[in-house]
*Asks:* 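Supplied in structure tokens, the structure appears directly below.
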There are 2 protein chains.
Amino acid sequence: MDAPDRTDFDILSLLQKNARLSNKELAAAVGLAPSTCHERLKRLWAGGVLRGTHAEVDPAVLGVGLEALLLIELAKHQREIVDSFMREVVSVPEVRAAFLITGRYDLVIHVAVRDTAHLKNLALDNFTNRPGVTRIETSIIYESVRRHDLPVLTTASRSELD
Amino acid sequence: MDAPDRTDFDILSLLQKNARLSNKELAAAVGLAPSTCHERLKRLWAGGVLRGTHAEVDPAVLGVGLEALLLIELAKHQREIVDSFMREVVSVPEVRAAFLITGRYDLVIHVAVRDTAHLKNLALDNFTNRPGVTRIETSIIYESVRRHDLPVLTTASRSELD
DNA sequence: ATCCAAGCCGGAATCTATTCGCTTGAGCCG
DNA sequence: CGGCTCAAGCGAATAGATTCCGGCTTGGAT
């Protein structure tokens, strides 16, 4: 928690790409004994650096045939409206992510649905007539790419190296 | 691969929330013997239903202090330009996701950076002067929420139940 | 009724995780 | 310079999980 070093960053990088790596494999990859690597892992979990692990599933198998971004404008940025929106939106199963942003729009919501009919119902039932929502632009996702590992931007990773 | 049933969906749901569940715990949770559950897991991996697992890391620890969405308009939807964009954008470490969409914008790119200076450089160096890009709107993310499990939308999950 | 295939189970062998005491080396102070 | 302290690493031992079969049960088709 206190001071992650280069080895910790290596561990984090590897686990972001493949969380199923065994402790033994991980230890070999970062050049530590399994027991030592295990100590580090425990520290990273306990310190809240590692927050969870998630399996990636083929969306089609679950019946997800369409994804979209909902670009939403709010009438006013009342804290109560915004906070409740962010709180409640995540309980909608079709919502994958919600972003409260600056700029022309106020919210971007990423949803996963079966088809266009499902998308229509979801948008109308859950978003269009919410209090504070003045407008929604629906953008269908043709194609998406993803990176599962965050960049390591802290300079510590480099200063430790020198 | 061929026909996932309700138990498979249960397994997938659980692993999307916590990929570190041991096979033993998973088996107990879905009401199977560990050996049987293990068979199913192997099938799901082999069939491409399970595609990977990823650890979630505290962004601040990695030096990520700011995230943003880049809303991009392209001059024309030439396949060559679009394809190369999607192909190359994922190799930029700061890019977390890129969406090719319908509507007013053509691309939405989710980036993770250190601060506003870093964001400026990233936008100007990697996106503004790319061929085909006519305009970029940068939206800083104030707050975001995420759901790591996709909805189960296939009716098979219910018909198997009856 | 019989056969077949699919799914499930229990147990054995193997491999892994996890703990703990010891060692090493770096930094610090007397 | 010598020695103290502390953090990090290591290896061995034990506890626990994975993984592979062989056999059992069930449900459907012939």
Side-chain angles (χ1 to χ4, degrees), chain A residues 1-58 61-62 152 154-162, chain B residues 1-58 61-62 152 154-162:
Chain A
M1 180 153 80
D2 343 71
D5 62 1
R6 204 175 59 78
T7 302
D8 283 330
F9 289 126
D10 288 348
I11 290 174
L12 296 174
S13 289
L14 289 166
L15 288 182
Q16 281 180 100
K17 292 184 199 113
N18 179 10
R20 283 208 143 227
L21 278 175
S22 70
N23 178 58
K24 192 189 167 198
E25 293 168 308
L26 198 55
V30 303
L32 286 179
S35 55
T36 309
C37 187
H38 183 254
E39 294 295 329
R40 282 183 181 257
L41 268 182
K42 272 203 306 188
R43 267 197 350 200
L44 292 169
W45 281 106
V49 177
L50 279 167
R51 294 180 162 179
T53 63
H54 308 282
E56 191 188 348
V57 174
D58 181 356
V61 171
L62 301 178
V152 180
T154 166
T155 51
S157 63
R158 192 146 289 134
S159 68
E160 298 274 340
L161 203 52
D162 300 348
Chain B
M1 180 152 86
D2 342 70
D5 62 1
R6 204 175 59 80
T7 302
D8 282 330
F9 289 126
D10 287 348
I11 290 173
L12 296 175
S13 289
L14 289 166
L15 288 182
Q16 281 180 101
K17 293 185 198 113
N18 179 11
R20 262 183 127 57
L21 275 176
S22 71
N23 178 56
K24 196 191 166 198
E25 294 167 308
L26 197 56
V30 303
L32 285 178
S35 54
T36 309
C37 187
H38 182 251
E39 293 296 327
R40 283 183 180 257
L41 267 182
K42 272 203 307 188
R43 264 198 352 195
L44 291 170
W45 280 106
V49 177
L50 279 167
R51 294 180 162 179
T53 64
H54 307 283
E56 191 188 347
V57 175
D58 180 357
V61 171
L62 300 178
V152 180
T154 167
T155 51
S157 63
R158 193 146 290 136
S159 70
E160 299 274 338
L161 203 51
D162 302 346

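Chain letters run A, B, ... following the sequence lines, proteins first and then strands; every chain starts at 1.
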*Asks:* Let me confirm one number: the CZ-OG1 distance from B/R6 to B/T154, rounded to the nearest 0.5 Å.
*Replies:* 13.5 Å
*Asks:* State, yes or no, whether a side-chain contact exists between A/T53 and B/T53 at a heavy-atom distance under 4.5 Å.
*Replies:* no
*Asks:* Quick one: CZ on A/F9 to CG on A/L14, what's the gap to the nearest 0.5 Å?
*Replies:* 13.5 Å
*Asks:* Would you kindly give the NZ-to-P distance between A/K42 and D/dA8, to the nearest whole Å?
*Replies:* 13 Å
*Asks:* Got a list of side-chain donor-acceptor pairs under 3.5 Å for residues 31-38 of chain B, not counting sequence neighbours?
*Replies:*
none

*Asks:* State whether B/H38 places a side-chain N or O below 4.0 Å from either non-bridging phosphate oxygen (OP1 or OP2) of D/dT19.
*Replies:* yes
*Asks:* Using side-chain heavy atoms (C-beta onward) and a distance below 4.5 Å, is B/D58 in contact with A/L50?
*Replies:* no
*Asks:* Let me know the distance between CG of A/D8 and C1' of D/dG9, rounded to the nearest Å.
*Replies:* 14 Å
*Asks:* What are the 5'-most and 3'-most nucleotides of DNA chain C lying under 4.0 Å from any heavy atom of chain A?
*Replies:* C/dT16 to C/dT19
*Asks:* Using the test side-chain hydrogen bond (donor to acceptor under 3.5 Å, both in side chains), find all partners of A/E56 that sit at least two apart in sequence or belong to another chain.
*Replies:* B/H54
*Asks:* With sequence neighbours excluded, give me every salt bridge (charged side-chain N to carboxylate O under 4.0 Å, His left out) pair touching residues 11-33 of chain A.
*Replies:* none
*Asks:* Tell me every residue that passes side chain to side chain contact (heavy atoms under 4.5 Å, CB included) with B/D8, counting only those two or more places apart in sequence or in another chain.
*Replies:* B/P4, B/D5, B/I11, B/R40, B/R43, B/L44
*Asks:* Which of residues 15-33 of chain B sit near DNA chain D, with a heavy atom under 4.0 Å from it?
*Replies:* B/S22, B/N23, B/K24
